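Just so it is clear, the model here is predicted, and its values are computed rather than measured. Quick note on labels: first sequence line is chain A, next is B, and so on, each numbered from 1.
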Amino acid sequence: MHNLAEIIYQFLAGRFGQSALLEPVFTLAAYLIPCIVALSLVSVISGLLTYFERKVSADIQNRIGPNRVGPYGIFQFIADGVKLLMKEDIIPDAADRFLFRIAPYIVLSSTFLAVIVVPFGGPFIIADLDIGLIFIVVVSSLVVVGFLMSGWASNNKWALLGGIRSAAQMISYEIPAALSLLTVILITGTFSMQQIVMKQGPWPWDWFIFHNPFTFVAFFLFMISGLAEINRLPFDFPEAESELVSGYNTEYSGMRFGIFFLAEFANIFVSASITATVFLGGGNIGLDPYTSGIAPQLFMVLVFFAKVVPLCFVTIWVRWSLPRLRLDQMMSMCWKYFIPLSFSCLVLTALWLLAFNGNGVFWRISG
Amino acid sequence: MTNAAAQYFRNIKDAVRTTAKGMKITLKYWLREPAITIEYPDRLGEGRTADDIVQDRFRGFLRLDSSICIGCLQCMKTCPIDCILITTEKIGEERHLTRFDVDQSKCMYCGLCVEVCPTSAITFSKRFEGACYDIRELCISHIHQPAPVAKPKAKEKEG
Amino acid sequence: MTEFLSDEMVLNMGPHHPSTHGVLRFILQTDGEMMRRAIPDVGFLHRGIEKIAELLPYQAFMPYTDRIDYLASICCNFGYALTVERLAQIEVPEKAEYLRVISAELTRIGSHFVGLGALLLDLGAVTPFVHALREREVYNDLMESLCGARLTHNYVRIGGVSYDEPPGFREKTRRFIDHIEYEFLDEFNELASFNTIFINRMKNVGVITAEDAIEHSLVGPNLRGSGVKHDIRKNDPYSIYNRFNFDIPVGHGKFGTMGDCYDRYWVRVEEVMESCRIIRQALELMPETGPVRTKLPRVFKPPKGEIYVRTECPRGEMGFYLISDGGKNPYRLKIRTGSFSAAAMIGEVSQGVMVADLVTIIGSFDVVAPEIDR
């Protein structure tokens, strides 16, 4: 299995020789470097996504959007980050100080953990875990803990409502999301993200979205429950600014608030990259990701991002087109529509695989 | 039972159809419609100033033509919030305007003073940029040294 | 069910909550997301406009009427001017009447755009709101070219209007209403009004029966949303409204029950179209030239007496009750506004709904906080 920490360790050990003295240093480096890589990746990507979102929303609304910092305002997110860093970090008097302080980091860490198993195309994956997909499903539910914590610790009723809403919503939507991912697992037989990519092909008919009609439905089910998982409109109940003022982050200010937003936008990216990996073939260009040269490997990264960026755009596009549902409607939508549909997709895919010996729909057409 | 099932699928169909329609419109805007924003103040376009972005009848800061002011105090009396202060003094034979202050920070640009002025001495300019560091700067004195009031010629002509 | 009821939570919504449309406060008694009661607390924007009227000459009070309902200032100007004119029996020139009607109906369009857009904004749809405001911007430009101000127009005067139409005004107005009626509203409805999520949020929420609506003296679109066909422009025509051919849209349960939030919303959408019709007719009939203002004496003193005049504002019936003691200031001026009764009704209909529905209900009544308090 491919693992960045292991590679670094072996590289260092090979370069400086193995010794009992240096081993803790190597181990530290082997674990720190992937962390730093994940952190900087997430920060930059979510920063660029905020810029992208603001530009897209501006275009949709006949506005211009950020255009002052840098060419076309592309460095706006850096200016925003600097501004947030310089803001006073206010902790309400009646808040539970400890929980209030750590809640944003828990939210953010769940996103980071998910980034670890995202294959960026080619060999560029921080750790190719055997249980990759399950790992993502598991760590993404950590967000709920952070949101509930922030809602409770703020000692603000609006924030509390937001925290409770987020718990109700994310736990419900985890089920259809996981079930629609499982349809693909039935086909691949592995949870490893890199393996899922390799089992698909470079062309659209090799992708799992077009494997059979039920994975096609599962793709959309996953997209929509992904929106609910990452709290985007039409499912942005935890922060619903017109109902709950700002929901769970009402009392947050300064960089702690910024971290919540960093996590939100990083979640968009993570969700889009899971969709691209599982349903759209990730960075697969028909070559082996490990043994081919550096040029094809970089091309794989390009292919991966060429699939992720449109998916991020769709997420943003939906947000600026639709109104928000009501809490009970959101729940009934999940339990009455999403779970039955995703479950039937799972069962029907299983039957399909049984009937056609594991082959996709294009295998039938091409005979 | 079949009715409920049909309703179930109709709901899905409706949701997909109306969502797609709405998203089509936003996509159209994203791709095609240009921004209508005027980038005030620094990118107004070739040779345009702040005055050009407001209409001709715009009610901006008040302006006084002291050469035709007859000192009738009509504007001061009609102002609902007393933001105009005029004093006249007799210097020699003639009445002189010694003070004509307009407190632009109080003014609500209703236009009653402009309408009531018999000689159109007080008019609206198109100036609207009133931001300053001290609110007292917005109390604008239109008379710096005593000026003789104009003879009410316009009225004589009318008569 | 009572055994499931848990402790009540008292929530303070406002006065600076994002969706209370100005400075309006609600005290919510909730059980989690479910609401037991919402008690409106008004008065944050009380500026004593009625008292100010007693201290000012009749003409000088006109700018203050702008501030009663800042989204529809010309309608308020119109009502006040009409009151004084009826009391003093002043004839208004023909052209001024047309200009008043055109500007008042344009204001109604502009005001409804904010009302519809803000409701959608409360439901989380930002784009329709911005699109509605984009169209309102055109209306603002029109009014700026007509009277020089964009929000507090102060255009109508006792005995006429302050300015004649600027050159090109008719053409621009015609283009604006054509765009609204034939292009913009269709697109807006596709984008927002007919969206399933939006319909589900709005239908069967905040239902008011016709009897309830009359009993709580709801007026304007909120009353008509409950199916009561009552519009001052038709039922008690003032100015020259009897010359125009237009309908009164009423709610008929388009998607849910009659008198729900969607009906009130849809009545407003249809009213925009009716306003377009009125403006189109008025532009045809308006004389090319003519005086726009009757000359009043410099110190204007209406005769002793009292009068009540009601007009149809975007937020319903606005009444001015004026007592004159023959002096140069009004003796007493009482203003009756539509938002006040609507604010009281919000508390009535929001029992047992969800917090999210309260936002919908407030939005569907289209209350403007300064109009409640005056």
**Asked** Hey, which of C/Thr360, C/Ile197, C/Val359 has the most heavy atom pairs under 4.5 Å with chain A?
**Response** C/Ile197

**Top contributor to chain A contacts, counting heavy-atom pairs under 4.5 Å, from C/Asp357, C/Leu120, C/Val355, C/Leu121** = C/Asp357

**Item:** C/Leu133 versus chain A, the contacting section by heavy-atom distance below 4.5 Å
**Value:** neither

**Item:** Structural part of C/Leu28 lying under 4.5 Å from a heavy atom of chain A
**Value:** side chain

**Asked** Between C/Thr127 (side chain) and A/Ser321 (backbone), is there a donor-acceptor pair under 3.5 Å?
**Response** no

**Request:** Name the option with the most non-hydrogen atom pairs under 4.5 Å to chain A; the candidates are C/Leu191, C/Asn195, C/Val130.
**Result:** C/Val130

**Within 6.0 Å of CZ in C/Phe255, more than 12 heavy atoms from elsewhere** = yes

**Message:** Looking at A/Asp93, I'd like to know if its CG atom is crowded, meaning that more than 12 non-hydrogen atoms belonging to other residues, nucleotides or ligands lie closer than 6.0 Å.
**Reply:** no

**Fill in**
When every non-hydrogen atom of A/Arg326 is compared with those of C/Ala356, the smallest separation belongs to CG-CB, 3.9 Å

**Request:** Using a 4.5 Å cut-off on heavy atoms from C-beta on, say whether the side chain of C/Thr30 contacts that of A/Lys157.
**Result:** no

**Prompt:** Does A/Phe260 CZ have over 12 foreign heavy atoms under 6.0 Å away?
**Reply:** yes

**Prompt:** If you take all heavy atoms of C/Val126 and A/Gln61, which pair is closest and at what distance?
**Reply:** CG1-NE2, 3.7 Å

**Message:** Atom CZ of residue position C/Arg37 - does it have more than 12 heavy atoms of other residues, nucleotides or ligands inside 6.0 Å?
**Reply:** no

**Asked** At a heavy-atom separation under 4.5 Å, does A/Asp328 approach chain C through its side chain, its backbone, both, or neither?
**Response** both

**Prompt:** Tell me, side chain or backbone of C/Asp122 under 4.5 Å from chain A's heavy atoms, or both, or neither?
**Reply:** both

**Request:** Pick one of side chain, backbone, both or neither for C/Leu123, based on which atoms fall under 4.5 Å of a heavy atom in chain A.
**Result:** both

**Prompt:** Just wondering, do C/Met13 and A/Trp158 contact through their side chains at under 4.5 Å, heavy atoms?
**Reply:** yes

**Prompt:** Can you find a pair of side-chain heavy atoms, one from A/Asn62 and one from C/His131, that are under 4.5 Å apart?
**Reply:** yes

**Message:** Just so I understand: if I count every heavy-atom pair under 4.5 Å between each of A/Leu160, A/Leu161, A/Asp236 and chain C, which residue has the most?
**Reply:** A/Leu161

**Prompt:** Around A/Trp152, counting heavy atoms of other residues, nucleotides and ligands shown, do more than 12 lie under 6.0 Å from its CH2?
**Reply:** no

**Asked** Just wondering, do A/Gln329 and C/Arg201 contact through their side chains at under 4.5 Å, heavy atoms?
**Response** yes

